[in-house]
Amino acid sequence: MNQEHLNFYQCVTSLKTGFLKWKPDYDSAATEYGKAAVAFKNAKQYDQAKEACLREAEAHENNKALFHAAKAYEQAGMMLKEMQKLPEAVQLIEKASMMYLENGTPDTAAIALERGGKLVENVNPEKAVQLYQHAASVFENEERLRQAVELLGKASRVLVRGRRLDEAALSLQKEKSIYKEIENYPTCYKKTIAQVLVHLHRNDFVAAERCVRESYSIPGFNGSEDCAALEQLLEGYDQQDQDQVTDVCNSPLFKYMDNDYAKLGLTLAVPGGGTKKKSPNAPQDKGKGTPTVGTHADEDDDEYSGGLC
């Protein structure tokens, strides 16, 4: 009898009752199931390892040890991941996170949810976004805003990658609000650039203008290189000047953003798809011109009030 089967035999023995033993020994059974799971895992017998983890979890539950039960369910999920059964793996990880919350360990619950999101990000982005957002809300409820906003950032990038731009715009707005709350103003500027790119890809120039206009209230934004670049971008987009838009989006400020947002900049096309030639009499110094930000938004405030930004 090899070691893993011996451990299973010991587990069953621990759970037996008799004349002198009125209650099953769940604690000993959980320990032995855990040893069996490790032995099966080391032997790369992942299906048996998963079953041992599930039995360990059940024994811990019967023993009212929720934290250890959650850990065992999470380990069972990892065995399913090794078997390439990702939907089932995520189900167990979500179950574990609920137990962590019930046990009063929300940080561990959020970390488990983030781990689940990473597992399925490439195969089921919609589920990954859900898991990241759930994890963010757990951290936010615990007033762990820095951890919450990092997970929202992961959700935003997955949404942009999947061209779910309406949802991405809302997610970015929430990110920016939290960064403003924790007074990380330079990151607010970067989120404004991401927002503007998302809105322009949504063909919503008014919402893009509004994002910039509202960002003037963020300390240091007005007069920053981010603000100047966005004003130039919106001016070029409004005037259908593809050259100006391309120049701004190829600047280091845009090119070295997170890859998903940099791609939005590199693929941004003005309405009509052509390049509008400037009049020879047009002023050459763009920096001295009157910024266009706010012109369209002022005209359409009633129509677009309560928009994404």
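Contact check on E150 versus R144 returns no salt bridge, with no Lys/Arg side-chain nitrogen under 4.0 Å from an Asp/Glu carboxylate oxygen. Taking 4.0 Å as the cut-off between side-chain N and carboxylate O, E140 and K174 count as a salt-bridged pair. Residues K44 and E82 are not paired through a salt bridge, judged by the lack of any N-O separation under 4.0 Å between the basic side chain and the carboxylate. A salt bridge does not link D260 with K263: every distance from a Lys NZ or Arg NE/NH1/NH2 to an Asp or Glu carboxylate oxygen is 4.0 Å or more.
Within the 3.5 Å criterion, the main-chain N or O of A65 finds no donor-acceptor partner in the side chain of N63. Remark: side-chain polar atoms of Q244 are not paired, donor with acceptor, to backbone N or O of E235 under 3.5 angstrom. Side-chain N or O atoms of Q242 include one that pairs as donor or acceptor with a backbone N or O of V270 at under 3.5 Å. A distance-only check finds no donor-acceptor pair linking the side chain of S171 to the backbone of E167 [under 3.5 Å].
Every side chain to side chain contact (heavy atoms under 4.5 Å, CB included) that D258 has, sequence neighbours left out, goes to R157, Y261.
Heavy-atom minimum distance, L200 versus A208: CD2-CB, 3.8 Å.
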### Message
side-chain contact (heavy atoms from CB on, under 4.5 Å) for H199 and V196? Distances and angles first, verdict last.
### Response
CA-CA 5 Å; H199 284 312; V196 167; 5.8 Å; no
### Task
List the steps, then state whether side-chain contact (heavy atoms from CB on, under 4.5 Å) holds for E74 with L92.
CA-CA 6 Å; E74 199 176 349; L92 286 179; over 6 Å; no
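Between Y185 and F221, a ring centre-to-centre spacing not shorter than 6.0 Å is recorded.
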